[in-house]
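A short worksheet on the structure shown next.
Sequence lines set the chain letters: A, B, ... in the order given, protein chains first and strands last, and positions in each chain run from 1.
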Amino acid sequence: MEKTIESTVSLAQLRRPLPREFYDRDPRRVSRELLGKVLVRREGRRVRTARIVEVEAYLGADDSAAHSFAGRTARNAVLFGPPGHTYVYFIYGNHYCLNVSCLPDGVAGGILFRALEPLAGIEEMALARGLSVASTATSARDLRQLTSGPGRLAEAFGITRERDNGKDLTSARSDLFIADDGYRVRRILTTPRIGISKAVERPLRYVISGNEFVSGPRLRS
DNA sequence: TTATAGATTGCCT
DNA sequence: GGCAATCTATAAT
């Protein structure tokens, strides 16, 4: 890793959440446009921000790997609701995963957040992850451990089902939302999704080409 | 550097 | 009762 991570993001730019219409489209389109945007967690005066570098689209009725595939249940209800709301589920007995609903009310679809590049509030993320603040500040390898993977990023942002499921990400008063800081993505790679056993071949995973914080082994770009 | 098992909860059949 | 959109420790190469 050749450069240190600096927060070049102004808080003024991060005050406006992306609007509802942004999410009211096909998850494949929203996935591409979410790359490079910034996830913001506000806690009183403290702010954690990180750039979205890897996501997966889940399509609903057409997609046997999606939680919504078998129809609406209490657990997956958010995916069938209006766009721009968080779907948080618990997995493997240990981890929470963060998603956002897409498409209009009544139509299922969503996006799983798989990896982020930390920008601000790195100390708080390290504490939330139970990692050493000192080593994440000095080791690129340890910094990568913070938010590189869906369970990791949820832990770094303090996201739980109890606290965050069903939140409206488009509300200006929300303590969790997504904003555009003007960053432009150069190139997007698409690959099959990770960790699923159905519809394994569909290329619905989207990553920023060359980004160090993408989960898993390095891809050639 | 890669491979493998174990953890541990709640949802759905 | 089975198993999941995962992570970590540990072992072996």
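Under the 4.0 Å criterion applied to side-chain N and carboxylate O atoms, A:Arg25 and A:Glu33 are assigned as salt-bridge partners. No salt bridge links A:Asp142 with A:Arg129; every basic N to acidic carboxylate O contact stays at or beyond 4.0 Å. Taking a cutoff of 4.0 Å between a charged side-chain nitrogen and a carboxylate oxygen, A:Arg144 and A:Glu212 do not qualify as a salt bridge. A salt bridge links A:Glu43 with A:Arg163; the closest basic N to acidic carboxylate O contact falls under 4.0 Å. Note on A:Asp175 versus A:Lys167: salt bridge recorded, some NZ/NE/NH1/NH2 to OD/OE distance being below 4.0 Å.
How far CG of A:Asp63 is from OG of A:Ser68: 7.0 Å, rounded to the nearest 0.5 Å. Atom CZ in A:Arg202 sits 6.0 Å away from atom CZ in A:Arg28 (nearest 0.5 Å).
By the 5.5 angstrom centroid cut-off and the 30-degree plane limit, A:Tyr92 is classified as not stacked against the base of B:dA7.
Remark: the separation of the P atoms in B:dA5 and C:dC3 is 16 Å, to the nearest Å.
Protein atom CG of A:Asn76 is 6 Å distant from nucleotide atom P of B:dC12, rounded to whole Å. Look at CZ on A:Phe69: it is 15 Å from C1' on B:dC12, rounded to the nearest Å. One interatomic measurement links the two molecules: CD1 of A:Ile159 to P of C:dA5, which rounds to 19 Å at whole-angstrom precision. Between A:Ile91 atom CD1 and B:dA7 atom C1' there is a gap of 13 Å when expressed in whole angstrom units. The CZ atom of A:Arg202 sits 16 Å away from the P atom of C:dA5 (whole-angstrom rounding). Computed from coordinates, the A:Ile196 CD1 to C:dA5 P distance equals 8 Å when rounded to whole Å. Distance A:Glu155 CD to C:dT6 P: 15 Å, rounded to the nearest Å. If you measure from atom OH of A:Tyr206 to atom P of C:dA5, you get 18 Å, rounded to the nearest angstrom.
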Exercise for the section: Taking Watson-Crick and G-U wobble pairs with both distances under 3.5 Å, convert DNA chain C into its dot-bracket string, 5' to 3', dots for unpaired and | for cross-strand pairs. Expected result: ||||.|||||||.
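Counting any heavy atom pair closer than 4.0 Å across all strands shown, A:Arg75 reaches sugar-phosphate atoms only and no base atom.
An OP1 or OP2 oxygen of B:dG10 is reached within less than 4.0 angstrom by no side-chain nitrogen or oxygen of A:Arg161. Look at A:His95 and you won't find any side-chain N or O under 4.0 angstrom from OP1 or OP2 of C:dC7. Residue A:Arg72 places none of its side-chain N or O atoms closer than 4.0 Å to OP1 or OP2 of B:dC12.
Between A:His67 and A:Tyr87, the ring planes lie perpendicular to each other; the angle is over 60°, past the 30° to 60° tilted range.
With distances taken from any side-chain atom of A:Phe90 to the nucleotides B:dC12, C:dT6, B:dT9, the minimum falls on B:dT9. If you check C:dT6, C:dA5, C:dT8 against the side chain of A:Gln145, the one that comes closest is C:dT8. Closest approach to the A:Thr73 side chain among C:dT8, B:dC12, C:dA5 is made by B:dC12 (side chain taken as heavy atoms from C-beta onward).
Each of A:Ile194 and A:Arg152 was assigned the nucleotide of DNA chain C with the nearest heavy atom; the assignment lying further toward the 5' end belongs to A:Ile194. Residue whose closest nucleotide on DNA chain B sits further toward the 5' end, between A:Glu162 and A:Asn94: A:Asn94.
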